[in-house]
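Structure record follows, encoded as structure tokens.
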Amino acid sequence: MISYSDTALTISESLQTNAIVWIHSLPEQEMGPSRRILEDLEGLATGGGFPLFEYAVRDRAELSDLFRQLTVKAEQGLRPVLHIDAHGTVSDGLMLAPSGERVGWSEIIEDLRALNVATANNLTCIFALCFGLHLYKQVSLKRPVPAYFFCAPPEEISVGFLEAQTLAFYLEMNRTSNVTAAFEATLGGVMQLFHCQGLFFQSLLRYIRTYCVGRTRQDRLERMVTAVLRRNDIVNPSSAQLKQTRREVRESLKPDQKVIDLFAPSFLIGRAPAFTYADLDRILKRSVTSRLSHPGTASN
């Protein structure tokens, strides 16, 4: 059972986890800290903790093949914490040793999507590499979320911090079965966490603000009115026809529960949304009230 709070939204739902999958792709001379952590995790597994599966990947082909294997195992019941231990850059994505190959964030996110779909949205990801959070710039409301939980740093991260906090995270998670609390007490000092429900909530807020209000909404309305008239073979509409069509299109563009219902099945991979449109509307109205109270404040 996990508990998560974000933007006045409290979530409590089940997360299945039954293994730690540790993928590393570091130069041999940099493996010391990882080996020490892995030895401790092996001891934790022997003492009744999650079983540990360690994989070393040298190049893009091995990484792709491993993701395919993990996806098959997830279809058979694997529900892992996926720990990626490597180097990363903003522009090139994941760096693999010893080949020196780069795997772009857009490619990795597709592998994660396939794996998370196979886990029925029970995948936890720990991207213990510099700039790992940039992968989540590839998230789309129209596509399955890459992980139930995704944890990564937005900037560079030190080996010292990872060595000090990684084992502590897994110990706390094993002790309490609460991923969020374990993360906040350890890796959360530098890394950031995205929960799929919180991410869905924030993404819908952005969608509504972008496409359902303001100038963008007006442009969209006019395009839809034109499309409806063309579909109905109305070349020279009367004032009454224009008025009626605009009323119908305007009504269809009003955001409501159907916005959630449209995106949730694919994005959340079958999980039920943890909120309703009333929750979104409360935040939207609060934002409008804030802007009216502070008219000189710029907003995006």
Side-chain angles (χ1 to χ4, degrees), residues 1-24 26 33-34 36-38 40-41 44 49-50 52 79-90 93-94 105 108-109 112 116 119 121-139 145-203 205 268 271 274-275 283:
M1 185 68 69
I2 64 95
S3 181
Y4 182 80
S5 182
D6 185 36
T7 317
L9 178 69
T10 300
I11 301 167
S12 182
E13 58 182 359
S14 297
L15 171 67
Q16 299 175 32
T17 302
N18 56 20
I20 298 171
V21 172
W22 187 293
I23 300 174
H24 57 80
L26 291 168
S34 297
R36 289 191 288 273
I37 296 171
L38 286 166
D40 288 331
L41 288 178
L44 184 63
F50 294 121
L52 173 68
R79 299 292 183 264
V81 175
L82 180 68
H83 192 111
I84 305 295
D85 185 16
H87 290 299
T89 68
V90 174
L94 191 67
W105 300 125
I108 297 170
I109 204 170
L112 291 179
N116 196 31
T119 70
N121 197 6
N122 281 282
L123 177 64
T124 296
C125 286
I126 308 294
F127 267 52
L129 50 101
C130 297
F131 307 106
L133 204 65
H134 284 260
L135 178 143
Y136 253 48
K137 290 185 177 182
Q138 309 290 329
V139 170
V145 68
Y148 184 88
F149 275 125
F150 184 82
C151 312
E155 307 288 344
E156 292 183 349
I157 190 167
S158 72
V159 174
F161 174 83
L162 290 172
E163 187 169 12
Q165 300 299 330
T166 300
L167 179 62
F169 165 74
Y170 286 110
L171 286 169
E172 185 66 13
M173 186 183 74
N174 187 72
R175 185 181 69 85
T176 66
S177 298
N178 189 318
V179 179
T180 50
F183 176 83
E184 289 166 1
T186 56
L187 295 172
V190 172
M191 300 170 74
Q192 294 181 18
L193 179 149
F194 280 97
H195 181 292
C196 66
Q197 296 277 6
L199 182 63
F200 187 46
F201 188 84
Q202 292 291 347
S203 297
L205 287 176
L268 294 177
R271 280 187 181 267
F275 54 89
I283 302 301

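- In plain terms, the two heavy atoms of N18 and P80 that are nearest each other are OD1-N, 4.4 Å.
- Under a 3.5 Å cut-off, the side chain of T119 and the backbone N or O of N116 do form a donor-acceptor pair.
- Residue H134 holds its NE2 atom at 6.0 Å from CD of E155, rounded to the nearest 0.5 Å.
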For this session: Assess whether side-chain contact (heavy atoms from CB on, under 4.5 Å) is satisfied between L199 and F150, documenting all intermediate values.
Result: CA-CA 10 Å; L199 182 63; F150 184 82; over 6 Å; no
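- Looking only at side-chain heavy atoms (C-beta outward), V159 and L162 stay at 4.5 Å or farther from each other.
- Of the possible polar contacts, one joining the Q197 side chain to the A274 backbone as a donor-acceptor pair under 3.5 Å is found.
- A heavy-atom distance below 4.5 Å is not found between the side chains of I37 and D85.
- Across every non-hydrogen atom of G88 and F131, the tightest pair is O-CD1, 3.6 Å.
- Residues A185 and Q165 come closest through the heavy atom pair O-OE1, 4.2 Å.
- For E13 and Y148, the side-chain atoms include at least one donor-acceptor pair closer than 3.5 Å.
- In this structure, I109 and V139 have side chains that are in contact, with non-hydrogen atoms separated by less than 4.5 Å.
- Between R36 atom CZ and L41 atom CG the span is 13.5 Å, to the nearest 0.5 Å.
- Atom CZ of residue F127 and atom CD1 of residue I23 lie 8.0 Å apart, to the nearest 0.5 angstrom.
- Under the 3.5 Å distance criterion, the side-chain polar atoms of W105 are left unmatched by any main-chain donor or acceptor of G132.
- For the side chain to side chain contact (heavy atoms under 4.5 Å, CB included) with C151, the lone residue among L133, V179, I126 that qualifies is I126.
- Side-chain contact between N122 and T17 is absent, with no heavy-atom pair separated by less than 4.5 Å.
- In this structure, the ring of Y170 has its center no less than 6.0 angstrom from the ring center of F50.
- By the 6.0 Å contact criterion, CD on E163 is enclosed, its count of non-hydrogen atoms from other residues, nucleotides or ligands being greater than 12.
- Between H87 atom NE2 and I157 atom CD1 the span is 12.5 Å, to the nearest 0.5 Å.
- Pairing each heavy atom of V145 with each of Y136, the nearest pair is CG2-OH, 4.1 Å.
- The side-chain heavy atoms of T124 and M173, taken from C-beta on, include no pair separated by under 4.5 Å.
- In this structure, CG on L167 lies 11.5 Å from CD on E172, to the nearest 0.5 angstrom.
- In this structure, W22 and L52 have side chains that are in contact, with non-hydrogen atoms separated by less than 4.5 Å.
- With rounding to the nearest 0.5 angstrom, the CZ atom of F149 is 6.0 Å from the CG atom of L15.
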Exercise. Given the rule in the side-chain contact (heavy atoms from CB on, under 4.5 Å) test, do I20 and L44 qualify, once you have shown the distances and angles that lead to the verdict?
Worked result: CA-CA 11 Å; I20 298 171; L44 184 63; 5.6 Å; no
For this session: Apply side-chain contact (heavy atoms from CB on, under 4.5 Å) to the pair L268 and C196, showing each step before the final yes or no.
Result: CA-CA 7 Å; L268 294 177; C196 66; 4.1 Å; yes
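- Looking at heavy atoms from C-beta onward, L187 lies in side-chain contact with T166 at the 4.5 angstrom threshold.
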